[in-house]
Amino acid sequence: YIEYNAALKMDDWLFTPQIELKQGKTYKLEFYYACQSANYPERLKVHIGTSPASTGMSDSPIIDLDNIDNSNYLSVDRQFTVEADGRYHIGFHGYSERDRHILIFDDVLITEVLDNDISVESISLRHLYSPVDEIAITADIKNVGTNTVSCDITLDVFDADAQLVKTITNSVADLSS
């Protein structure tokens with residue numbers, strides 16, 4: 001977190017260690033953020049650059065949160081690309097007015113966004129001990145890639161002895177990101 005200063009505007013930076021990034025790939029930056037009090041809103045920009053210094057950061061931020069007034073954590077994520085293969089730093093720039101309170105950010109994650117990628121968000125079974133023909137399964141599926149996805153999803157159901165008792169296949173059509 002970054003604490004307040006009663007006399008000066010915030011102009012504080014935090015930089016990640018070097019991260020190897022490739023041209024032509026898409027990345028997602030995500031993290032949680034909050035402020036200590038809604039009465040003292042904060043500001044945070046996130047940049048990318050080749051050196052861990054404010055002068056080494058891009059002019060255009062990946063993210064600009066110019067009115068953080070939530071005292072409970074909220075999440076933010078943005079996709080970004082780089083213009084050349086290389087080692088980069090992510091710079092978090094607190095730029096709040098003077099005499100604010102505390103700016104907080106946490107759980108920073110940078111991942112490569114794949115063209116075709118789906119995730120299973122949850123799976124639920126209607127009756128765990130039902131006869132095999134009565135098993136009803138619900139799954140929440142999310143497209144976390146960049147392309148629209150159409151595919152078959154297959155679920156194998158096994159008994160307590162690890163014997164296959166049923167295979168269920170469903171088609172997913174035009175699941176957009």
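- Between His93 and Asp11, the side chains place a donor N or O and an acceptor N or O closer than 3.5 Å (distance only, hydrogens not considered).
- Hydrophobic clustering (side-chain heavy atoms under 4.5 Å, transitive across Ile, Leu, Val, Met, Phe, Trp, Tyr) keeps Ile48 apart from Leu109.
- Salt bridge absent: Glu42 and Arg100 never bring a charged side-chain N and a carboxylate O closer than 4.0 Å.
- Side-chain atoms of Thr169 and Asp152 form no donor-acceptor pair, as typed in the model, at a separation below 3.5 Å.
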Between Phe105 and Phe92, is a ring-ring contact (aromatic ring centres under 6.0 Å, His included) present by the stated rule, with each step listed? CA-CA 9 Å; Phe105 53 98; Phe92 293 83; 4.8 Å; yes
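- Remark: Glu112 engages Lys25 in a salt bridge, criterion side-chain N to carboxylate O under 4.0 Å.
- Expressed to the nearest 0.5 Å, how far CG of Leu175 lies from OG of Ser150 amounts to 8.0 Å.
- Using modelled atom types, no side-chain atom of Asn147 and backbone atom of Ser176 make a donor-acceptor pair closer than 3.5 Å.
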Would Leu21 and Tyr88 count as a side-chain contact (heavy atoms from CB on, under 4.5 Å) here? Give the steps. CA-CA 7 Å; Leu21 301 175; Tyr88 291 86; 3.8 Å; yes
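- Taking the ring centre of Phe80 as origin, the terminal cationic atom of Lys28 falls outside the region bounded by 6.0 Å and 45° from the ring axis.
- Between Phe15 and Trp13, the two ring planes are parallel [angle under 30°; tilted spans 30° to 60°].
- Under the 3.5 Å distance criterion, with hydrogens and angles disregarded, no donor-acceptor pair is assigned to the side chains of Thr148 and Asp174.
- Residue Ile62 holds its CD1 atom at 11.5 Å from CD of Gln79, rounded to the nearest 0.5 Å.
- From Arg78, atom CZ reaches atom CG of Leu29 across 9.5 Å, with rounding to the nearest 0.5 Å.
- Remark: side-chain polar atoms of Tyr95 are not paired, donor with acceptor, to backbone N or O of Asp12 under 3.5 angstrom.
- Here the shortest heavy-atom pairing between Pro41 and Asn67 reads CB-OD1, 3.4 Å.
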